[in-house]
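Atoms within a ligand are numbered from 1 in the order they appear, just like the ligands themselves. Quick note: residue numbers are just sequence positions, from 1.
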Amino acid sequence: MAGPTASENQNFCFKDELDAFKLSLSPNKEVILEHYLAGWSGLVKFLNRLGNVFGFISKDASSKIQILKNFLNGEHGSEYFTVQSMVKYELENNLVDLKKAGSHPESGCRTLLRLHRALRWLELFLERLRTSQEDGKTSVMCADAYNESLAQFHPWVIRKAAGLAFCMLPGRLSFFEAMNVGTPDQVVAMLGEALPVVVEVYQITQDLYAKHDLLDIP
Ligand SMILES: CCCCCCCC/C=C\CCCCCCCC(=O)N[C@@H](COP(=O)(O)O)[C@H](O)/C=C/CCCCCCCCCCCCC
């Protein structure tokens with residue numbers, strides 16, 4: 001892994017990136033899309049620091065973030081202020097291909113569902129990292145979290161490529177250093193604070209998608 005330079009380190013702190021997810025929760029527990037996407041952009045920034053081998057993953061995540069940003073900055077941007085308003089707007093205007101791919105292959109609801117599924121992977125991975133021992137292997141933690149969540153939605157070739165990429169993850173200590181949060185104890189404490197937020201954002205979105213029968217959008 002090519003390590004980040006000192007100046008890149010000054011500009012990056014993993015905690016700031018995860019704080020965006022905290023900001024995404026509105027007082028009435030809706031998910032504000034702008035902050036949700038900022039959270040994802042921060043994670044992609046971190047992923048890019050880990051090396052080119054993760055390029056195909058960060059490219060896919062970035063393209064999905066961009067699709068949603070385009071809606072947010074587009075003609076009907078105000079309808080995309082929260083995930084809740086996006087779902088309402090797209091469903092009321094028949095803008096989602098619910099059963100098979102048709103004229104809306106990149107709807108906001110479909111695109112966000114892909115990121116939402118990945119948020120479950122993140123939750124499981126963060127929990128494993130938080131509770132890991134000094135000799136814990138990030139590659140194993142990442143693969144276990146992936147197999148328990150996202151893998152079921154991916155074809156064999158993606159699962160295989162993801163599995164190979166995970167093997168290139170740095171060891172636990174280097175991984176913590178790349179996060180630029182502080183000592184391992186500080187990283188663990190930060191993960192303990194960040195996790196409930198990730199869980200809450202995930203659960204609110206999951207309940208919303210389940211209520212509207214949107215969990216299987218092709
Ligand atoms: C302290 C913890 C640090 C965690 C750092 C996390 C950094 C992660 C940054 C981004 C996560 C990637 C999110 C990936 C979104 C994948 C969405 C998806 O499922 N896309 C597939 C389906 O899309 P459609 O074809 O239906 O449009 C697409 O086929 C996927 C392609 C790329 C492969 C995705 C593999 C995902 C693995 C997730 C683990 C990332 C490993 C990061 C290692 C730290």
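Note on Trp156 and Leu164: separate hydrophobic clusters, where clusters join Ile, Leu, Val, Met, Phe, Trp and Tyr whose side-chain heavy atoms are under 4.5 Å apart, directly or indirectly.
At a 4.0 Å heavy-atom cut-off, ligand 1 does not touch Phe153 at all. If you look at Thr138 next to ligand 1, there are no close heavy atoms at all, none under 4.0 Å.
Of all atoms in ligand 1, listed by their number and element, those nearer than 4.0 Å to a heavy atom of Ile158 are 31 (C), 33 (C). Near Leu129, the atoms of ligand 1 lying under 4.0 angstrom from a non-hydrogen atom of the residue are 1 (C), 2 (C). Of all atoms in ligand 1, listed by their number and element, those nearer than 4.0 Å to a heavy atom of Leu43 are 7 (C), 9 (C). When each atom of ligand 1 is checked for a heavy atom of Leu126 under 4.0 Å away, the hits are 1 (C), 2 (C). Which parts of ligand 1 touch Phe46 is read off a 4.0 Å heavy-atom cut-off, strictly below it: atoms 3 (C), 5 (C). Those atoms of ligand 1 with a heavy atom of Phe175 less than 4.0 angstrom away are 1 (C), 2 (C), 3 (C).
Note: Tyr36 and Trp40 have perpendicular aromatic rings, judged against thresholds of 30 and 60 degrees for the angle between ring planes. Note: Tyr209 and His116 have parallel aromatic rings, judged against thresholds of 30 and 60 degrees for the angle between ring planes.
Looking at every heavy atom in both residues, Ser41 comes nearest to Lys69 through OG-NZ, 3.8 Å. Scanning all heavy atoms of the two residues, the minimum distance from Asp213 to Lys99 falls at OD2-NZ, 4.1 Å.
Checking Trp121, Phe56, Phe125 against atom 8 (C) of ligand 1, the nearest heavy atom belongs to Trp121. The option from Arg117, Arg114, His154 that lies nearest to atom 19 (O) of ligand 1, judged by heavy atoms, is His154. Considering only non-hydrogen atoms, atom 25 (O) of ligand 1 lies nearest to Arg110 out of Lys59, Glu106, Arg110, Met179. For the residues Leu150, Leu169, Leu191, Leu47, the heavy atom positioned nearest atom 36 (C) of ligand 1 is part of Leu150. For atom 41 (C) of ligand 1, the choice among Phe176, Phe54, Phe166 with the nearest heavy atom turns out to be Phe166.
A salt bridge between Lys64 and Asp60 is present, with a side-chain N of the basic residue lying under 4.0 Å from a carboxylate O of the acidic one. With respect to Glu200 and Lys29, a salt bridge is recorded, a charged nitrogen being found less than 4.0 Å from a carboxylate O.
Two rings, from Phe21 and Tyr202, have their centers 6.0 Å or more apart.
Side-chain atoms of Arg172 come within 3.5 Å of backbone N or O of Ser132 as a donor-acceptor pair.
Of the protein's non-hydrogen atoms, Lys64 NZ, 2.9 Å is the one closest to atom 27 (O) of ligand 1.
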